[in-house]
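Basis for what follows: all heavy atoms, side chains included, without hydrogens, waters or symmetry-related copies. In the text below, chain A, chain B and the rest are named by the order of the sequence lines, each starting its count at 1. No experiment lies behind these values; they were computed from the predicted model shown.
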Protein chains: 2
Amino acid sequence: MKEIYDCDLGCPVQNTLQFISGKWKSVILYHIFKNDVLRFSELQAKLPYVSKRMLAKQLSELEADGILDKRVYPVIPVKTEYRVTKLGSSLYPVIEAMAIWGTHYTQMVK
Amino acid sequence: MKEIYDCDLGCPVQNTLQFISGKWKSVILYHIFKNDVLRFSELQAKLPYVSKRMLAKQLSELEADGILDKRVYPVIPVKTEYRVTKLGSSLYPVIEAMAIWGTHYTQMVK
DNA sequence: CTGAATCCACGTCGATACTG
DNA sequence: CAGTATCGACGTGGATTCAG
């Protein structure tokens, strides 16, 4: 989890970007918001253009930042689940605003 | 209340990210929203940690994407102004959500 | 199944110098 | 003042392999 001294960069938008500026983090959060809980392989299926390596990396960063909660079930084969933490759920309005804009305005430009 | 998944076509968040995923684009937009119009040197002053090269590049991309309007006044020395287009102004809720979260989070950890 | 580790091509970015 | 051009260091990300 980031400490306060790392967090306040003098611009509220930039403070937020620290947590979601990873190339795919917002999209990952979008899908987890939509499904509540997702396994690694389910995220892979929903983000086919993201390599396994990058997906794992972004998930690990989101977990380290306290945005995602990762649960590992020691069965064989291993099963992991990702869901948002309380902090992560507070990002819902941000992701929602992106989703709304993407839904309504993207056709305008391309 | 309208849910963000009602008009789900693929991934709307990713569509939005194509326009604002640049490392500093959201912060640039935040400052222009706040000030309505900003010159290049004013943006430089507000983003001292961004190199001139990167600032110019991000501004150029935002302009090419129809988010920003750039006006050049052929005086000496040259004077340029950046403001949001109509499309750019539609991104206000997204930037606002980021600013709100960043502000709330900063207050939370203090 | 869920990753971590390694290699390597590629892109990004800062610094500097230059132009109109 | 507002950029562009060039270069080199650095980071990113894909492919592959390995491990628990």
Side-chain angles (χ1 to χ4, degrees), chain A residues 2 6 9 11 14 17-29 31-32 35-85, chain B residues 11 13-14 17-29 31-32 35-65 67-85 88:
Chain A
K2 285 187 172 64
D6 305 323
L9 301 176
C11 171
Q14 203 186 333
L17 280 177
Q18 281 187 114
F19 293 90
I20 59 172
S21 69
K23 202 171 181 182
W24 306 110
K25 287 184 183 175
S26 301
V27 184
I28 291 171
L29 284 174
H31 285 290
I32 298 186
N35 295 274
D36 288 332
V37 181
L38 283 178
R39 300 186 53 178
F40 187 86
S41 52
E42 293 172 329
L43 282 164
Q44 271 193 290
K46 291 178 184 306
L47 303 163
Y49 40 82
V50 181
S51 70
K52 188 172 68 169
R53 180 183 176 279
M54 283 316 299
L55 181 57
K57 195 176 167 236
Q58 306 256 313
L59 286 170
S60 141
E61 289 177 13
L62 286 167
E63 186 199 1
D65 283 345
I67 306 279
L68 287 187
D69 174 36
K70 170 183 176 181
R71 299 184 190 174
V72 181
Y73 298 89
V75 295
I76 295 184
V78 176
K79 169 181 172 180
T80 63
E81 288 179 348
Y82 292 91
R83 64 200 78 204
V84 292
T85 62
Chain B
C11 186
V13 168
Q14 198 190 338
L17 279 178
Q18 289 175 1
F19 293 90
I20 60 172
S21 70
K23 201 171 181 181
W24 307 109
K25 288 183 182 175
S26 302
V27 184
I28 291 171
L29 284 174
H31 286 290
I32 298 186
N35 295 274
D36 289 332
V37 181
L38 283 178
R39 302 185 52 177
F40 187 87
S41 52
E42 293 173 328
L43 281 163
Q44 271 193 290
K46 291 180 185 303
L47 302 164
Y49 38 81
V50 181
S51 70
K52 187 169 68 167
R53 181 182 174 279
M54 282 316 299
L55 181 57
K57 194 177 169 240
Q58 305 254 47
L59 285 170
S60 143
E61 289 177 11
L62 286 167
E63 186 199 2
D65 282 343
I67 307 279
L68 287 187
D69 174 37
K70 169 183 176 179
R71 299 185 190 173
V72 181
Y73 298 89
V75 295
I76 295 184
V78 177
K79 170 180 172 179
T80 63
E81 288 178 348
Y82 292 91
R83 66 200 77 205
V84 292
T85 61

Using the side-chain contact (heavy atoms from CB on, under 4.5 Å) rule, take B/Gln58 and B/Lys23 through it: C-alpha gap first, then chi angles, then the decisive distance, then the call. CA-CA 8 Å; B/Gln58 305 254 47; B/Lys23 201 171 181 181; 4.0 Å; yes
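- Between D/dC1 and B/Arg39, no contact under 4.0 Å exists linking OP1 or OP2 to a side-chain N or O.
- You'll find the side chain of A/Asp69 stays beyond 4.5 Å of the side chain of A/Tyr82, heavy atoms only.
- Between the side chains of B/Gln14 and A/Tyr49, at least one donor-acceptor pair of N or O atoms lies under 3.5 Å.
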Checking side-chain contact (heavy atoms from CB on, under 4.5 Å) for the pair A/Leu29/A/Val27: CA distance, chi angles, key distance, verdict? CA-CA 5 Å; A/Leu29 284 174; A/Val27 184; over 6 Å; no
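- Interface residues of residues 68-81 of chain A facing DNA chain C, ordered by number: A/Lys70, A/Pro77, A/Val78, A/Thr80; criterion, heavy-atom separation under 4.0 Å.
- Nearest heavy-atom pair, A/His31 versus B/Cys11, reported as atom, atom and distance to 0.1 Å: NE2-SG, 4.0 Å.
- In this structure, CG of B/Leu38 is placed 15 Å from C1' of D/dA2, rounded to the nearest angstrom.
- When only modelled atom types and interatomic distance are considered, B/Tyr73 and B/Glu81 share a side-chain donor-acceptor pair under 3.5 Å.
- Between its two ends, the helix from C/dC1-D/dG20 to C/dG20-D/dC1 turns its axis by 50°, counting five pairs per end and rounding to 10 degrees.
- When rounded to the nearest whole Å, the span between CG of A/Leu47 and P of C/dG3 equals 14 Å.
- Rounded to a whole Å, the CG atom of A/Leu59 is 16 Å from the P atom of C/dC1.
- Between the CD atom of A/Glu61 and the P atom of D/dG11 there is a distance of 14 Å, given to the nearest Å.
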Footprint string (nucleotides 7-18 of chain C, 5' to 3'): B base within contact, S backbone only, - free, heavy atoms under 4.0 Å: ------BBB---
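- Taking every heavy atom of both residues into account, A/Asp36 and A/Arg83 meet most closely at O-CB, 3.4 Å.
- Between C/dT2 and A/Ser41, a contact under 4.0 Å exists linking OP1 or OP2 to a side-chain N or O.
- Here D/dT4 presents its C1' atom at 14 Å from CD of B/Gln44, a figure rounded to the nearest Å.
- Closest of all the heavy-atom pairs between A/Gly66 and A/Thr85 is O-OG1, 2.6 Å.
- For the residue pair A/Glu42 and A/Val37, the shortest heavy atom distance occurs at OE1-O, 4.2 Å.
- In summary, A/Lys25 and A/Glu61 engage in a salt bridge, as defined by a charged side-chain N under 4.0 Å from a carboxylate O.
- For B/Glu63 (side chain) and B/Lys70 (main-chain N/O), no donor-acceptor pair under 3.5 Å exists by modelled atom type.
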